[in-house]
Every structure is written in structure tokens, then in C-alpha cells.
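Only one structure is covered here, and it is reproduced in the block below.
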Amino acid sequence: MMSQRARGLALLLVAGSVAACQREQPAADTPSAPATSSAEAKATPAPTPSSSSTAPVSAARDIAALTGQWRVTRLAVGDGVQALAADDPAYVGQRLVLGTDRFAWATPRASGATLSDVCDGPALAPLPEPGAGAEQRQHATALARLGVTKADALAVECDRGTWGPEAAGGAILFPAGDDRLAMSWYDGGMLLLVREPDLR
């Protein structure tokens, strides 16, 4: 039989081993880093892409499709008293250069027409469907007289300079297909332009 002293030593050894094991394991009530819940992870916003990677390219593409030299072949006006006459000779025959970096009239001849506008850094902005205002009705009438029945409306914006009557919000381009382009201009005139062949 184990003596009283031997039994006491054995109990001391067991107690020491248990204490050592408890020191090696982390206490259950020791605070740890808070776990991120799935809901919190979802709520964290994703990095926002830079503006350069998300910049729209439709305006640049529209301008690229319209670049070149254009010639005014017709002019139409809406109903009522107008400052211009249909196919006004002050405009018919004038040439316009549309580029990705500038819109300008090409060596305008002296005629009394308003051809001094220059638009540096042009951009095109699609306009909504035309409303029922007086100006929209005049545009629709003039476009119909030019044979332009369906065309998207594109407002012209410039980094510097002006393009078209500021009081009306600037010129509006109506690409009509088949190398034709209608453009609202001063004094209620709607110009019809035809693309000139590239002779380079």
C-alpha cells in the first residue's frame, strides 16, 4: 500500500501538471479581436473606381463620327415671322469644319451671316425627346422642311468659346445619316449640311 507521504507527493505532482496546462492555454474570458460579421462585410463600400476609368466615351465617339468638312446646302425656318429666308444665300455654300478639338467655320466669306463662333474642346450631350415648347415646335417644323424626320438631338458644349445662340442654349446637332447633318443656328435658322469628300 502507498504511504501517506507518497500519496501526498503524487497529488502535488498532478496539481502542478494541471496548473502548467492552464497557463499554456488562453483563458476563456480573455478578450480577442472582434470578428467581422457577414453583414458588416457587406456594408463596407467597395473601392470607388477612378473617374478616368469610368469616363463616358459616347460623346467622343459621336464627335469622331462627325469630324470632317461640311457644306451648308439648305436653310429652313419655322413658321411665323423670321429674320432669315428659306435657303438664305448668306449661309448656303458656307463651309464648316468639325474636329474633335475644335468646331469652326472654314474661311467664311463676307455675307452678313453669323459665322464667327469658335468652339474649343467640344463635347456632345444627348438631349431628351423634344418637348412641346415653341422652340421645339419650330425645330420640328424646320427639320421636316429639310427632310429630316428622325434624328437624335445633341447639344454642343465648349470648354472655351461659344457655338450657336447662347440665349437658346447653344446649337443643337441632328445627325441625319447619309453624310447629312442638321444644325440649329442663329435667328431661328436650321442649317442642312452635307459632308464634303476627304481629298487628302
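Side chains are part of it too, since the values below use all heavy atoms of this structure and drop only hydrogens, waters and symmetry mates.
By the side-chain contact (heavy atoms from CB on, under 4.5 Å) test, Ala168 pairs with Glu135, Pro165, sequence neighbours left out. Qualifying side-chain hydrogen bond (donor to acceptor under 3.5 Å, both in side chains) partners for Asp159, counting only residues two or more places apart in sequence or in other chains: none.
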Audit row: Met190, Phe174, side chain to side chain contact (heavy atoms under 4.5 Å, CB included) steps and yes/no: CA-CA 10 Å; Met190 182 72 70; Phe174 301 89; 3.8 Å; yes
Intermediate values then yes/no, side chain to side chain contact (heavy atoms under 4.5 Å, CB included), Leu84 and Tyr91: CA-CA 10 Å; Leu84 298 173; Tyr91 284 98; 4.0 Å; yes
CA sep, side-chain torsions, deciding dist, call: Met183, Val156, side chain to side chain contact (heavy atoms under 4.5 Å, CB included): CA-CA 10 Å; Met183 181 175 71; Val156 179; over 6 Å; no
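Legend: disulfide (SG to SG under 2.5 Å) pairs involving residues 139-170, not counting sequence neighbours, sorted by first then second residue: Cys119-Cys158. Listed by first and then second residue, the salt bridge (charged side-chain N to carboxylate O under 4.0 Å, His left out) pairs that reach into residues 179-197 are Arg71-Glu196, Arg95-Glu196, Asp179-Arg195, sequence neighbours excluded. Pairs engaging residues 77-90 under the salt bridge (charged side-chain N to carboxylate O under 4.0 Å, His left out) rule: Arg74-Asp87, Asp79-Arg145 [sequence neighbours left out]. Among residue pairs with one or both ends in residues 161-178, none qualify as side-chain hydrogen bond (donor to acceptor under 3.5 Å, both in side chains); sequence neighbours excluded.
Taking CZ of Phe103 as the reference point, atom CD1 of Ile63 lies at 5.0 Å (rounded to 0.5 Å).
Shortest non-hydrogen contact noted between Ala151 and Pro175 is CB-O, 3.2 Å. Here the closest heavy-atom approach between residue Trp105 and residue Asp117 is recorded as CD1-O, 4.0 Å. Residues Val97 and Ala106 approach most closely at CG2-CB, 3.8 Å, considering heavy atoms. Of all heavy-atom pairs between Gly170 and Ser184, the closest is O-OG, 4.3 Å. In plain terms, the two heavy atoms of Ala104 and Val118 that are nearest each other are CB-CG2, 4.4 Å. For the pair Ile172 and Leu127, the tightest heavy-atom approach, listed with the atom from each and the gap, is CD1-CD1, 3.8 Å.
In the hydrophobic cluster analysis, where Ile, Leu, Val, Met, Phe, Trp and Tyr join through side-chain heavy atoms closer than 4.5 angstrom, Leu191 is grouped together with Tyr186.
Listed for the Thr73 side chain is a donor-acceptor partner under 3.5 Å among the backbone atoms of Leu192.
Side-chain contact between Asp62 and Asp152 is absent, with no heavy-atom pair separated by less than 4.5 Å.
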